[in-house]
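What follows is one structure encoded as structure tokens, with my remarks underneath.
Chain A is the first sequence line, chain B the second, and so forth, proteins listed ahead of strands; every chain is numbered from 1. The structure displayed is predicted, hence computed values, not measured ones.
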2 protein chains.
Amino acid sequence: MSVKERKERDRAARERLILATARELAEQQGWDAVTTRRLAERIEYSQPVLYSHFRGKREIIGAVALEGAAELAAAVRIAAAGAEGPRERVAALARAYLAFAERNPAVYDAIFQLDGGLAFAREDTPEPLKDAFAALLENLAEVAGDGVHPGLFTEVFWASLHGLATLTRAGRLPPAETESRVQLLVGRLAVV
Amino acid sequence: MSVKERKERDRAARERLILATARELAEQQGWDAVTTRRLAERIEYSQPVLYSHFRGKREIIGAVALEGAAELAAAVRIAAAGAEGPRERVAALARAYLAFAERNPAVYDAIFQLDGGLAFAREDTPEPLKDAFAALLENLAEVAGDGVHPGLFTEVFWASLHGLATLTRAGRLPPAETESRVQLLVGRLAVV
DNA sequence: CTCCCTTGTCTAGCGCTGCTAGAATCGTGG
DNA sequence: CCACGATTCTAGCAGCGCTAGACAAGGGAG
């Protein structure tokens, strides 16, 4: 039975290769450049091999998004854990979130902008997505303020960060004053 | 010379028809369904005619976006003008903005999500886009708070609205509590 | 060791996309 | 009424996501 196991290992490795390659290509040249032909060529297999791992391009984007969501959650938790006091914790969280979006634009797009066939804000929402929201909630609940539902506060705070991230990335906001915007946002939204 | 004038009129009318049709098709079935073939068929001309008006699909999206930005600016101004007091003015502005995004999702996408080849936050930014920002600024400056640059405040407020709009539309936020989120956002950000 | 058969991979192709060159047609001024 | 210039159309290119069916490779049985 060792033969079967080896094949399964190889298959899993190839799946990781596909995702890593898709992500790399997307970060280098944007998701539009991630065509099934180019992706197949880079992993040195033919196109149909991709379809033996994923239902289609959208599912590949979705898989990259889930990876990214886990990383985003980790980045947020690490940043928040390294800060003293509620105010600084929230500011650190905000900076970490925006830094992730700036450093991994393609992955951020996969999570929040593109259609990766993922369900959100529902019961069947994949675990990494729920966990990313949880990572925000954990650190934001303490500054939601009296009588304000922590979940609702987290949604609003998250939406604001998302707006800053996307508008900055799309060139809609000049990137120079990002820190000023974070200061303003945290100062106003967080109740310390 | 009346012949030439008539031709120019006809041409301008056809250009409006193209844009109206593109917009209608996008709102009905999404921008993915707006292909040059379908668009040409709907206006009862062949594909190349589109290219005698616009450089390509992206420019059509951009033109729809400019139309939409003007409407968004008008909607914001009307809503704000009809409200009493700074606090209510800002709340009305926020609701009007989100309502526009919800009622014209394809147009909102054209303005802020898709690549319409438009320049933002620069000198050569098209007038309607500058004006839409100005419409926000006009009504938000009074609640920016002491020592806070109105432009910066407007950017942050706008980003928050944009985040709420896009996340709600993409199913990332449950639409039920939109009003609660607006209340929270306005209550915290606006200094009255 | 050889043969068969399953499993996995590839070649080739479908219908679609945005876009364009060159043919054909239309309408106007002489 | 005709010729010419502007306008519009037909037809086609390269590339897209995706898939059917041909083909090859490699393990298990005899």
Joint cluster assignment, A:Leu137 & A:Leu161, ILVMFWY side-chain distance < 4.5 Å: no
Rounded distance in Å - NE2 (A:His53) to P (C:dT7): 16 Å
d(CD1, A:Ile43; C1', C:dT9) in whole Å: 12 Å
Strictly under 3.5 Å: I want the nitrogen or oxygen pairs between protein and nucleotides 5-8 of chain D, one per line.
from  : atom 1 : to      : atom 2 : distance (Å)
D:dT8 : OP1    : B:Arg14 : NH1    : 3.0
D:dT8 : OP2    : B:Arg14 : NH1    : 3.3
D:dT8 : OP2    : B:Arg14 : NH2    : 3.2

Test side chain to side chain donor-acceptor pair (under 3.5 Å) applied to B:Gln29 - qualifying residues, sequence neighbours left out: none
May I have the list of side-chain donor-acceptor pairs in residues 139-147 of chain A shorter than 3.5 Å, sequence neighbours left out?
from     : atom 1 : to       : atom 2 : distance (Å)
A:Asn139 : ND2    : A:Ala135 : O      : 2.9
A:Glu142 : OE1    : A:Arg89  : NH2    : 3.2
A:Glu142 : OE2    : A:Arg89  : NE     : 2.8
A:Glu142 : OE2    : A:Arg89  : NH2    : 3.0

Value in whole Å for how far the P atom of D:dC9 lies from CG of B:Leu50: 10 Å
Length of the line joining A:Asp10:CG and C:dT7:P, which is rounded to integer Å: 17 Å
Short side-chain N/O contact to D:dC16 OP1/OP2 from A:Arg38, under 4.0 Å: yes
Nucleic acid footprint by protein, nucleotides 17-22 of chain D - heavy-atom cut-off 4.0 Å, B for base, S for sugar-phosphate alone: BBBB--
Pairs involving residues 99-143 of chain B, ordered by first then second residue, that meet ring-ring contact (aromatic ring centres under 6.0 Å, His included) (sequence neighbours left out): B:Tyr97-B:Tyr108, B:Tyr108-B:Phe112, B:Tyr108-B:His162, B:Phe112-B:Trp158, B:Phe112-B:His162, B:Phe133-B:Trp158
B:Glu127: partners by side chain to side chain donor-acceptor pair (under 3.5 Å), with sequence neighbours left out: none
Counterpart residues, side-chain contact (heavy atoms from CB on, under 4.5 Å), relative to A:Leu17 (two or more places apart): A:Thr21, A:Ile43
A:Thr36: side-chain contact (heavy atoms from CB on, under 4.5 Å) partners, not counting sequence neighbours: A:Gln47, A:Leu50, A:Tyr51
With a 3.5 Å cut-off and sequence neighbours excluded, list the donor-acceptor pairs that the side chains of residues 79-88 of chain A form with protein atoms.
none

Value in whole Å for how far the P atom of C:dT11 lies from CD of A:Glu41: 12 Å
